[in-house]
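Below is one structure, written out as structure tokens, with a few remarks after it.
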Amino acid sequence: MPELPPPITVVGIGADGWPGLAVGPRAVLREAEVVVGGPRQLDLLPRDEVAAERVPWPSPLRPAVPGLLAAHAGRRTAVLASGDPMFYGIGRTLAETVGAERLRVLPHPSSVSYACARLGWPLEATEVVSLVGRPLDTLSLALHPGRRLLVLSADSATPAAVAGLLTARGYGTARLRVLEQLGAPAERHLDGPADGWPHPPGDPLNVIAVDLGDGPRTSLVPGLPDTAYESDGQLTKRHVRAATLATLAPSPGELLWDVGGGSGSIAIEWLRAHRDCRAVSVERDPVRAERITRNAAALGVPRLRVATGPAPAALAGLPAPDAVFIGGGLTAPGLLESCWAALRPDGRIVANTVTLESEALLTEWYRRHGGELVKLAVAHAVPVGGFTGWRQAMPVTQWSAVKPDARAAETRTTEARAAEARTSDNPLQENAS
């Protein structure tokens with residue numbers, strides 16, 4: 001059996017540097033032949049204590065990880081990480097690259113733990129949003145009245161940017177506290193309201209504590225008001241949207257294709273269901289595609305991918321979806337066939353239409369593949385003279401189905417046939433039944 005390579009030890013280190021490390025992590029760093037880390041982290045190690053070769057991470061980091069580690073294979077290697085390596089840190093990248101079994105992780109208190117200790121906030125009741133390598137609009141999803149947030153800053157300009165976003169989103173009275181160099185001798189706290197944030201950029205190593213206070217309320221469940229979206233009228237309306245999302249049934253990590261995106265509402269509310277949900281909105285009109293991007297940013301899911309072009313051609317090369325929603329263009333040649341073929345086994349497909357031609361097509365697919373075919377009708381109370389009456393919206397025909405797993409179906413068929421054969425070969429069992 002070949003000798004296993006030595007493990008890679010990941011050492012968490014705080015802003016206080018070497019003095020803040022326990023005996024175990026210090027011993028690992030003294031014995032290491034190579035220490036890999038960011039320049040700031042490497043500078044925290046005293047030369048007279050750590051004699052290892054120091055290797056700074058290149059940029060961009062993630063693509064370089066395999067090659068850099070391979071270049072030092074067989075040597076005792078330690079990797080420095082800020083705070084807890086497995087909390088928005090390099091630990092995840094290393095585990096995904098070399099395998100968790102190759103890692104030995106020695107965590108240090110994270111900046112979030114330090115911040116909650118300073119503020120007296122319970123860690124389990126405090127939402128954490130990272131803006132490191134993520135768009136500022138990511139924060140919008142976490143904005144709810146009365147909530148407390150800890151925001152991991154990208155740099156010294158992040159606090160002012162957060163204050164500006166909060167003000168633009170109606171949370172100008174929110175209280176911000178910027179905690180710099182947590183745990184270090186140079187630790188400093190800054191305080192002020194979002195509206196008119198008074199402090200210039202400070203230390204790039206900071207965490208922002210946000211007491212949101214009063215502000216606009218946004219629902220967590222599908223069916224946001226239609227007014228939440230910028231639209232030219234191509235929008236799946238609120239009540240139908242809520243029913244459609246319930247049928248699509250988003251789950252963490254799953255990928256949605258939203259074909260015929262319109263204003264992007266289905267994909268956006270799919271992403272709002274969980275931070276690990278993924279979605280691609282396919283829209284042929286470039287103006288609408290740009291509008292979808294703006295809507296996604298405003299509603300806190302700037303990670304929405306927008307593919308501009310006509311379907312089914314624009315679907316080529318996209319990763320296989322776990323769910324597909326078709327909100328327009330059903331009669332385009334090959335569209336339903338392409339979506340059904342791309343859908344993963346046990347994936348869901350949902351298609352909505354208001355036209356008789358598309359309804360006939362969905363009826364045919366219902367006959368061929370089963371599932372559910374429903375009619376969704378919504379009426380709104382409106383003034384009729386001095387009285388009130390109902391105004392009926394156009395009814396929506398919806399077909400939904402789950403794509404069967406061909407292999408599982410074949411296995412079940414084989415087992416059923418074997419069971420029938422056993423029964424026919426055993427007359428006692430047949431008589432007993």
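Every heavy atom of this structure was used, including side-chain atoms; hydrogens, water molecules and symmetry mates were not.
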query = When you look at D203 and Q181, which way does the side-chain hydrogen bond (donor to acceptor under 3.5 Å, both in side chains) test go after all the steps?
reply = CA-CA 7 Å; D203 195 287; Q181 289 283 338; 3.1 Å; yes

Worked verdict on E230 versus S263 for side-chain hydrogen bond (donor to acceptor under 3.5 Å, both in side chains) = CA-CA 7 Å; E230 180 187 345; S263 300; over 6 Å; no

Candidate pair E359 and T353, rule side-chain hydrogen bond (donor to acceptor under 3.5 Å, both in side chains), full reasoning = CA-CA 6 Å; E359 182 179 287; T353 188; over 6 Å; no

Steps toward salt bridge (charged side-chain N to carboxylate O under 4.0 Å, His left out) verdict (E269, R272) = CA-CA 5 Å; E269 295 192 29; R272 286 173 59 86; over 6 Å; no

task = Apply side chain to side chain contact (heavy atoms under 4.5 Å, CB included) to V79 and T9, showing your working.
result = CA-CA 6 Å; V79 174; T9 304; over 6 Å; no

From CA spacing to verdict: side-chain hydrogen bond (donor to acceptor under 3.5 Å, both in side chains), S130, R134 = CA-CA 7 Å; S130 175; R134 295 171 174 82; 3.2 Å; yes

ask   = After noting the C-alpha distance and the side-chain angles of L299 and L141, does the key distance pass the side chain to side chain contact (heavy atoms under 4.5 Å, CB included) rule?
value = CA-CA 6 Å; L299 290 167; L141 189 59; over 6 Å; no

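For the pair R102 (side chain) and L94 (backbone), a donor-acceptor distance under 3.5 Å is absent. In this structure a side-chain-to-backbone donor-acceptor pair under 3.5 Å is present from T293 to A289. Judged by distance alone, with hydrogens and angles left aside, the side-chain atoms of K403 form a donor-acceptor pair with the main-chain N or O of A341 at under 3.5 Å. Of the possible donor and acceptor atoms, none in the side chain of Y366 sits under 3.5 Å from a partner among the backbone N and O of A401. Side-chain N or O atoms of N206 include none that pairs as donor or acceptor with a backbone N or O of L179 at under 3.5 Å. The main-chain N or O of D211 is never found under 3.5 Å from a side-chain atom of R148 such that the two would form a donor-acceptor pair. Under the 3.5 Å distance criterion, the side-chain polar atoms of R348 are matched with a main-chain donor or acceptor of A249. Looking only at distances, no side-chain donor or acceptor of R391 sits under 3.5 Å from a matching main-chain atom of A379. Proximity of a side-chain donor or acceptor of H199 to a complementary backbone N or O of D191 within less than 3.5 Å is detected. A donor-acceptor pair is defined here as one N or O able to donate and one able to accept, closer than 3.5 Å; no such pair exists between the side chain of Q398 and the backbone of V350.
The list of side-chain hydrogen bond (donor to acceptor under 3.5 Å, both in side chains) pairs with a residue in residues 157-170, not counting sequence neighbours, reads D137-R169, S140-R169, D155-T158.
Side-chain atoms of R238 and S265 include no donor-acceptor pair closer than 3.5 Å.
Between L335 and E337 there is no side-chain heavy-atom pair separated by less than 4.5 Å. Residues N352 and T397 have side chains not in contact (no heavy-atom distance under 4.5 Å, counting atoms from C-beta outward). T126 is listed as a side-chain neighbour of C116, based on a closest heavy-atom distance under 4.5 Å. Between V396 and T244 the shortest side-chain heavy-atom distance does not fall below 4.5 Å. Residues E187 and Y114 form no side-chain contact, since every pair of their non-hydrogen atoms from C-beta on lies 4.5 Å or further apart. The shortest distance between side-chain heavy atoms of L80 and V10 does not fall below 4.5 Å.
Listed by chain and number, the residues in a ring pair (Phe, Tyr, Trp, His ring centres under 6.0 Å) with W57 amount to none (sequence neighbours excluded). Scanning for ring pair (Phe, Tyr, Trp, His ring centres under 6.0 Å) contacts around H144 gives an empty result, with sequence neighbours left out. Taking H72 as the reference, nothing meets the ring pair (Phe, Tyr, Trp, His ring centres under 6.0 Å) condition, with sequence neighbours excluded. Taking T97 as the reference, V65, P66, T93 meet the side chain to side chain contact (heavy atoms under 4.5 Å, CB included) condition, with sequence neighbours excluded. By the salt bridge (charged side-chain N to carboxylate O under 4.0 Å, His left out) test, R188 pairs with E180, sequence neighbours left out.
The pair E254-R278 does not count as a salt bridge, with every side-chain nitrogen at least 4.0 angstrom from each carboxylate oxygen. Between R291 and E283 there is no salt bridge, since no side-chain N of the basic residue sits under 4.0 Å from a carboxylate O of the acidic one. Taking a cutoff of 4.0 Å between a charged side-chain nitrogen and a carboxylate oxygen, R344 and D322 qualify as a salt bridge.
Distance check: I326 CD1 to L362 CG gives 8.0 Å after rounding to the nearest 0.5 Å. Within the model, atoms OG of S113 and CZ of F87 stand 8.0 Å from one another, a figure rounded to the nearest 0.5 Å. Taking CH2 from W399 and OG1 from T247, the interatomic distance works out to 12.5 Å, rounded to the nearest 0.5 Å. Annotation: the span from S231 atom OG to I292 atom CD1 amounts to 10.0 Å, rounded to 0.5 Å. Annotation: the span from F325 atom CZ to W257 atom CH2 amounts to 15.5 Å, rounded to 0.5 Å. Between the CG atom in L255 and the SG atom in C277 there is a gap of 10.0 Å [rounded to 0.5 Å].
In this pair, W340 and W365 present their aromatic rings perpendicular. The plane angle is above 60°, beyond the 30 to 60° band.
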